[in-house]
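Please read all numbers here as calculations on a predicted model, not as lab measurements. Proteins come first, then strands; the chains are lettered A, B, ... in the order of their sequence lines, and each starts at number 1.
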2 protein chains.
Amino acid sequence: MRAKQASAEADWPASGRIARATPGAGTLANTLHRRLRDEIASGRLEPGARLDEQDIADIHGCSRTPVREAFRLLAAERLVELRGRQGAVVRSISAQTLIEMFQVMGELEGLCARLAARRSTPAQNAGLQAIHTRLVEAASAPADVFYDINEEFHEAIYEAAHNAFLAEETRRLRNRVAAYRRRVTHMPTRVEDTLREHAEIMAAILARDPEAAHRSMRAHLTLLGENLLDLIAGLD
Amino acid sequence: MRAKQASAEADWPASGRIARATPGAGTLANTLHRRLRDEIASGRLEPGARLDEQDIADIHGCSRTPVREAFRLLAAERLVELRGRQGAVVRSISAQTLIEMFQVMGELEGLCARLAARRSTPAQNAGLQAIHTRLVEAASAPADVFYDINEEFHEAIYEAAHNAFLAEETRRLRNRVAAYRRRVTHMPTRVEDTLREHAEIMAAILARDPEAAHRSMRAHLTLLGENLLDLIAGLD
DNA sequence: GAGCCCGAGTTTGCACACATTGAAAGGGTC
DNA sequence: GACCCTTTCAATGTGTGCAAACTCGGGCTC
């Protein structure tokens with residue numbers, strides 16, 4: 001018998017047995033994949049946490065087979081690391097890698113902004129403004145609420161870029177650093193900085209100025225990355 | 001009994017049973033993953049080709065379990081598409097998506113070139129020149145030889161950028177379009193165009209001119225993308 | 001003759017059992 | 001007392017069986 005099971009189940013709020021025929025979910029493996037990814041992105045599963053096949057299987061009420069497949073998918077996304085027979089652990093990202101990632105994200109989100117400045121429809125512009133207004137109003141709301149609306153803003157720009165492939169890749173990268181990025185929201189001046197930078201990005205897009213949009217978005221990501229590094233440095 | 005097995009095995013030159021303890025390969029699933037990825041990238045498995053779990057298992061002398069895991073990994077890389085219970089097929093990329101992909105690759109490889117111009121070591125510069133010389137000499141060699149050296153050139157720039165994360169992502173994208181990209185090599189003026197464009201990129205890197213390097217690399221990718229579209233248009 | 005329904009067959013999805021391999025703990029020796 | 005060897009055990013890797021679902025073909029009805 002496995003002693004860990006009881007405590008693990010208690011620590012897993014978002015679990016519960018998966019109905020064999022969950023409607024749009026598809027396969028068990030895909031459902032588990034999504035669930036675990038959310039757990040990691042939200043920070044409920046912290047970097048370095050060990051994932052045990054049998055535990056996850058017990059918790060979700062299925063066998064090890066779909067769990068293993070979900071692990072492979074997470075590993076392919078670089079969200080977890082499979083260490084041979086030593087189990088799977090949630091990947092932790094070094095400061096060096098975070099710097100590198102934010103440089104790449106700056107370029108990709110910069111491209112999104114540039115394309116959005118050229119291609120966004122009037123409706124998309126209006127949507128962007130609406131989201132920004134909500135973000136301003138949420139300035140003193142709980143960090144999680146602010147974070148979610150913030151994400152909506154970026155998502156709206158991906159859409160407005162009208163490049164599905166770019167949107168998909170950018171989203172993927174975003175997910176990979178989500179657990180870290182989320183923490184930055186709690187920093188002192190980050191909320192007001194974000195609002196100012198977003199306003200600048202939005203203005204450039206509305207003004208149909210691709211280069212300015214690119215520049216502001218890249219600057220936004222650079223500053224975010226620097227804030228994140230400050231945070232990490234402070235944790236040591 | 002499965003009638004397809006015999007013919008399938010005959011059509012699979014790079015196969016053979018996997019020794020249970022293949023040295024650096026790790027697990028069977030990983031080995032299969034690599035093998036299938038190479039098959040797809042090289043074009044031996046064409047877009048739209050159906051992959052049957054049992055067939056692949058028979059061919060490689062293992063059970064379906066590792067094959068299934070390899071399929072999931074390929075699906076996570078977007079190299080194959082899993083259609084529920086309808087089997088796995090090698091993903092074909094639409095012209096629209098190819099345009100989008102080359103735009104993103106242009107940005108990423110452009111960033112590589114820009115960073116390489118700032119960061120490459122003398123040894124890396126020398127290596128780059130050596131590869132370019134070999135590429136010039138291979139101008140009238142078989143297309144596959146030219147293609148491989150061409151890839152080395154780009155790989156050398158990824159290395160010279162000194163951003164491991166960027167290199168990894170760029171490589172991943174490159175792999176995804178490899179099956180298509182390879183065909184462009186056979187186009188009439190592509191060899192000489194490539195040599196000219198590479199020379200320009202290399203000159204910018206050697207001259208430590210980041211913006212010029214970025215610009216030439218992006219132009220290189222744009223032209224490559226356009227050539228690819230011409231090729232595809234001609235196939236219809 | 002065309003369209004629909006239904007059943008056989010094939011293929012995937014999942015569970016379970018066994019094999020294999022690191023790792024940690026225990027005892028022995030120097 | 002410290003180090004090394006051995007043994008045991010727990011967790012992963014792989015093989016196999018069963019059930020559900022999708023496909024395709026044949027027969028029926030309109």
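The CG-P distance, from A:L32 to C:dG13, rounds to 14 Å in whole Å. In this structure, B:Q54 atom CD and C:dT10 atom P are separated by 12 Å, rounded to whole Å. Here the C1' atom of nucleotide D:dA11 and the CD1 atom of A:I56 are 14 Å apart, to the nearest Å. In this entry the distance linking CD of B:E53 with P of D:dC22 reads 16 Å, nearest Å. If you measure from atom CG of B:N30 to atom P of D:dT14, you get 8 Å, rounded to the nearest angstrom. Taking atom CZ of residue A:R50 and atom C1' of nucleotide C:dG22, one finds them 11 Å apart after rounding to whole Å. Taking atom CZ of A:F71 as the reference point, atom P of D:dG13 lies 10 Å away to the nearest angstrom. Atom P of nucleotide D:dT12 and atom CD of A:E81 are separated by 15 Å, given to the nearest angstrom.
Relative to the side chain of A:R64, the nucleotides C:dG13, D:dG15, C:dA17 differ in distance, and C:dA17 lies closest. Each of D:dT12, D:dT16, C:dG13 was ranked by its minimum atom distance to the side chain of B:S63; first place goes to D:dT16. Distance from the side chain of A:D52 is smallest to D:dA11 among D:dA11, C:dT12, C:dC14.
Between A:R182 and A:D144, at least one side-chain N (NZ, or NE/NH1/NH2) sits under 4.0 Å from a carboxylate O, which counts as a salt bridge. The pair B:R174-B:E155 does not count as a salt bridge, with every side-chain nitrogen at least 4.0 angstrom from each carboxylate oxygen. With respect to the salt-bridge test (charged N to carboxylate O, under 4.0 angstrom), the residues A:E53 and A:R68 qualify. With respect to A:E169 and B:R78, no salt bridge is recorded, no charged nitrogen being found less than 4.0 Å from a carboxylate O.
Residues B:R85 and B:A29 both approach DNA chain D. Their nearest nucleotides, taken by heavy-atom distance, put B:A29 toward the 5′ side.
Side-chain atoms of B:T65 and base atoms of D:dG15 include a donor and an acceptor less than 3.5 Å apart. Judged by atom type and distance alone, A:R68 does not reach the base of D:dT12 through any side-chain donor-acceptor pair under 3.5 Å.
Side chains of B:E109 and B:Y158: a donor on one and an acceptor on the other come within 3.5 Å.
In this structure, A:R83 reaches neither bases nor backbone, as no heavy-atom distance under 4.0 Å exists between it and the strands shown.
For the OP1/OP2 pair of D:dT12 and a distance below 4.0 Å, the side-chain nitrogens and oxygens of A:Q86 include no atom meeting the criterion.
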